[in-house]
There are 2 protein chains.
Amino acid sequence: MPEGDVTIFVCVACRRARADLPDGFDEPGKTLAEALRERIAGAGGATPVETVDCLAVCDRPCTVALAGDGKWTYLIGDLDAETHLDEIVGAAASFAASANGIVPWKDRPASFRKGVVARVPPLPARQQGSRP
Amino acid sequence: MPEGDVTIFVCVACRRARADLPDGFDEPGKTLAEALRERIAGAGGATPVETVDCLAVCDRPCTVALAGDGKWTYLIGDLDAETHLDEIVGAAASFAASANGIVPWKDRPASFRKGVVARVPPLPARQQGSRP
């Protein structure tokens, strides 16, 4: 499986309301990005995890995007490191293995089925959907 | 201005509730895509308008994405041909003219300020942000 076929973007600008904290919010993307990098490196992987200053999905912290050259891009919200680490790593692996970024519904974790914010096709000149 | 630096994706799967119609909905993306093509061709332009079967933003019909090689992609919802045709064409031109897809806030039409669904950075290998 070519690991280079997926990049995980993690929004680190997302603020999540947390009444139990002094500031009234936390920033789950920062924790998530760090946890993803540790998990992937710990498994000997090399999938890039890129922090992004804002994915503009501020009402669904935190948001992640899976992207790859010539593939559909998927944006998923409502994720955090405590609950969804395994599902994000698994979904990224499925995305990397897919021809065009479209992972069969049955292979998508629950958080990705419920959390989809949007998807965008690749630019026509870069589409890989017809490849085997 | 290199027109090739923007593709307008229009979701044609979006259904918008319309109690006044027999089916109870219309599909504003189909009308919008056609109107955009006519407007752009009528002005002598060549900006590609690509219909997409679903951008997965079903609760904000209809949704459009502006994308270009090496640029940020922007998803904008709540658009239709009756109200927003000029603003979409103008925003696409601004996007095409931008170095990296990020159009200054003051140059964004009202519908694009209010309607933003999400944005996604280009893949690291394709970023053009440092170009003049």
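Chain letters run A, B, ... following the sequence lines, proteins first, then strands; residues in each count from 1.
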How about [X]: does its [atom1] atom have over 12 heavy atoms from other parts shown lying under 6.0 Å from it?
| X | atom1 | value |
| --- | --- | --- |
| A/Asp23 | CG | yes |
| A/Arg15 | CZ | no |
| A/Glu87 | CD | yes |

Check for me, please, whether [X] and [Y] land in the same ILVMFWY cluster - side-chain distances under 4.5 Å, paths through other members count.
| X | Y | answer |
| --- | --- | --- |
| A/Val52 | A/Trp72 | yes |
| A/Ile40 | A/Val12 | no |
| A/Val64 | B/Val117 | yes |

Legend entry - Heavy-atom check, side chain of A/Pro121 versus side chain of B/Glu50, under 4.5 Å: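 No. Closest side-chain heavy atoms not under 4.5 Å.
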Inset, instruction - Locate the shortest heavy-atom distance separating B/Phe9 from A/Pro122; write the atom from each residue and the value. - result: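 It is CZ-O, 3.5 Å.
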Inset, instruction - Might you point out which heavy atoms bring B/Arg119 and A/Cys54 nearest each other, and give the distance in Å? - result: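 Scanning both residues completely, I find the closest heavy atoms to be NE-O, 2.7 Å.
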Legend entry - Which portion of A/Ala118 sits near chain B, non-hydrogen atoms under 4.5 angstrom: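 Answer is both: backbone and side chain atoms of A/Ala118 are under 4.5 Å from chain B.
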Inset, instruction - Measure B/Cys11 against the heavy atoms of chain A and call it side chain, backbone, both or neither at under 4.5 Å. - result: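 Contact with chain A is absent: no heavy atom of B/Cys11 under 4.5 Å.
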Inset, instruction - Identify which part of B/Val57 has an atom lying under 4.5 Å from any heavy atom of chain A, answering side chain, backbone, both or neither. - result: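 Its backbone and side chain both get close to chain A.
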Legend entry - Separation of A/Leu123 CG from B/Thr73 OG1 (nearest 0.5 Å):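 B/Thr73 OG1 to A/Leu123 CG: 7.0 Å, rounded to 0.5 Å.
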Inset, instruction - Considering only heavy atoms, give the residues of residues 102-115 of chain A separated from chain B by less than 4.5 Å, sorted numerically, with 'none' for an empty result. - result: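 Within residues 102-115 of chain A, no residue comes under 4.5 Å from chain B.
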Legend entry - Intermediate values then yes/no, side chain to side chain contact (heavy atoms under 4.5 Å, CB included), B/Val120 and A/Leu75: CA-CA 8 Å; B/Val120 195; A/Leu75 284 132; 3.6 Å; yes
